[in-house]
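Heads up, the thing below is written out as structure tokens.
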2 protein chains.
Amino acid sequence: MRTLVHPSIDDVRLEAILHALSDPVRAEIFATIATGACIQNCSAFAAVGDRVIPKSSLSQHFKVLREAGLIRSERHGVEVRNSSRCGEVDGRFPGLIAAILDAHGKEQASVAKVAE
Amino acid sequence: MRTLVHPSIDDVRLEAILHALSDPVRAEIFATIATGACIQNCSAFAAVGDRVIPKSSLSQHFKVLREAGLIRSERHGVEVRNSSRCGEVDGRFPGLIAAILDAHGKEQASVAKVAE
DNA sequence: TCCCGTAGTTCAGGAAATCGGAACAATTGA
DNA sequence: TCAATTGTTCCGATTTCCTGAACTACGGGA
């Protein structure tokens, strides 16, 4: 279990961000971390929607988000706490994260409406 | 060779857009189509940067962009002309395309600077 | 100090997506 | 009708993704 590696903000690539957020599970995780007030550990996402996510997959998803520069992960004893790097990323790519989160929110809302 | 299929704007998914633009070749193609004045045919992208792209791959890339709802392709005789659907997409996801294109432009500029 | 429970990571395989050369299809002009 | 141009489809090779199983790391008793 090696140390959690985060790219410097200058090394963050647009391509990596778009790829990271093009997966619905990762998009949901990131939206929760980015918009939520409290810092989340990985196990908070053992289920996304009504789908169960194996923890090995979760670990990979968090790694992708982390290496894309979207989240920061810090070990606190036995757990890892995740927070978003929205501020930094917004400094590099102004408006990008906000537009994606906004679009994600809109889409989730319309999906919920259809499900009614 | 069947007819070119385009999703209705209501069926356009954020996930598909992010996936389509997470590939550097497709991002470059889309940026060119979206920002350029003239409508482009596929062969205009036989090379992206200094890399040669086989036409079978190009065909797939255009298909991905088309099915994500990002471009519109119309057959004109022997060629296919592509135009962007930025306006429609912006109506559904305001600011999204602009933010991504802006980020793409910033990144290309910094890459060019390093290459000097 | 030695276990045990919790939290995540790594590994390995099978499944799925992607790439690109070769063959094919559609259109135009001679 | 034939050839050139433009793009698509097919298919095998490569790459990436997913996930169960095994493993590592830390903290809390007893």
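Just so it is clear: chains get the letters A, B, ... in the order the sequence lines come, proteins before strands, and each one is counted from 1.
- Atom pair A:Lys55:NZ and C:dT6:P shows a separation of 10 Å (rounding to whole Å applied).
- Closest contact between the side chain of A:Ser56 and the listed nucleotides D:dT19, D:dT6, C:dG20 involves D:dT19.
- Out of C:dC19, C:dG8, C:dG20, the shortest distance to the side chain of A:Ser43 is found at C:dG8.
- Closest contact between the side chain of A:Val78 and the listed nucleotides D:dC26, C:dG8, D:dT8 involves D:dC26.
- When hydrophobic clusters are built by joining Ile, Leu, Val, Met, Phe, Trp and Tyr residues whose side-chain heavy atoms come closer than 4.5 Å, directly or via intermediates, B:Phe45 is grouped together with B:Val25.
- Contact check, B:Ser57 against C:dG20: a side-chain N or O comes under 4.0 Å of OP1 or OP2.
- Among the nucleotides D:dT19, C:dG21, D:dC18, the one closest to any side-chain atom of A:Gln60 is D:dT19.
- No salt bridge links A:Arg72 with A:Glu74; every basic N to acidic carboxylate O contact stays at or beyond 4.0 Å.
- Hydrophobic clustering places B:Ile71 together with B:Leu101 (ILVMFWY residues linked when any side-chain heavy atoms are closer than 4.5 Å, directly or through intermediates).
- One atom, CG of B:Leu65, and another, C1' of D:dG7, lie 15 Å apart when rounded to the nearest Å.
- At C:dG8, none of the side-chain N or O atoms of A:Ser59 fall inside 4.0 Å of OP1 or OP2 (strictly under the cut-off).
- Rounded to a whole Å, the CD atom of A:Glu79 is 12 Å from the P atom of C:dT9.
- Within a 6.0 Å sphere centred on NZ of A:Lys106, other residues, nucleotides and ligands contribute more than 12 heavy atoms.
- Rounded to an integer number of Å, the gap from B:Glu67 CD to C:dA17 P is 13 Å.
- Which of C:dG21, D:dT6, C:dC19 sits closest to the side chain of B:His61 comes down to C:dC19.
- Counting any heavy atom pair closer than 4.0 Å across all strands shown, A:Asp23 reaches sugar-phosphate atoms only and no base atom.
- Between A:Leu58 and B:Ala44, it is B:Ala44 whose nearest contact on DNA chain D lies nearer the 5' terminus.
- In this structure, the nucleotide among D:dT6, C:dT9, C:dG21 sitting nearest to the side chain of A:Leu4 is C:dT9.
- At a threshold of 4.0 angstrom between heavy atoms, the contacts of A:His76 with the nucleic acid are absent.
- Comparing atom distances between the B:Asn41 side chain and each of D:dG7, D:dT19, D:dT8 picks out D:dG7 as nearest.
- Per the geometry, CZ belonging to A:Phe45 stands 17 Å off P belonging to D:dT19, to the nearest Å.
- Side-chain proximity of A:Arg26 to D:dC18, C:dA7, C:dG20: nearest is D:dC18.
- Atoms CZ (A:Phe62) and C1' (D:dC17) sit 18 Å apart, rounded to a whole Å.
- Side-chain contact check for B:Glu67 and B:His6: no donor-acceptor pair (N or O, by modelled atom type) lies under 3.5 Å.
- Exactly one of A:Ile17, A:Ile9, A:Ile97 qualifies for a side chain to side chain contact (heavy atoms under 4.5 Å, CB included) with A:Arg92. That residue is A:Ile9.
- The separation between A:His19 atom NE2 and C:dA17 atom P is 13 Å, rounded to whole Å.
- Per the geometry, NZ belonging to A:Lys63 stands 13 Å off C1' belonging to D:dC17, to the nearest Å.
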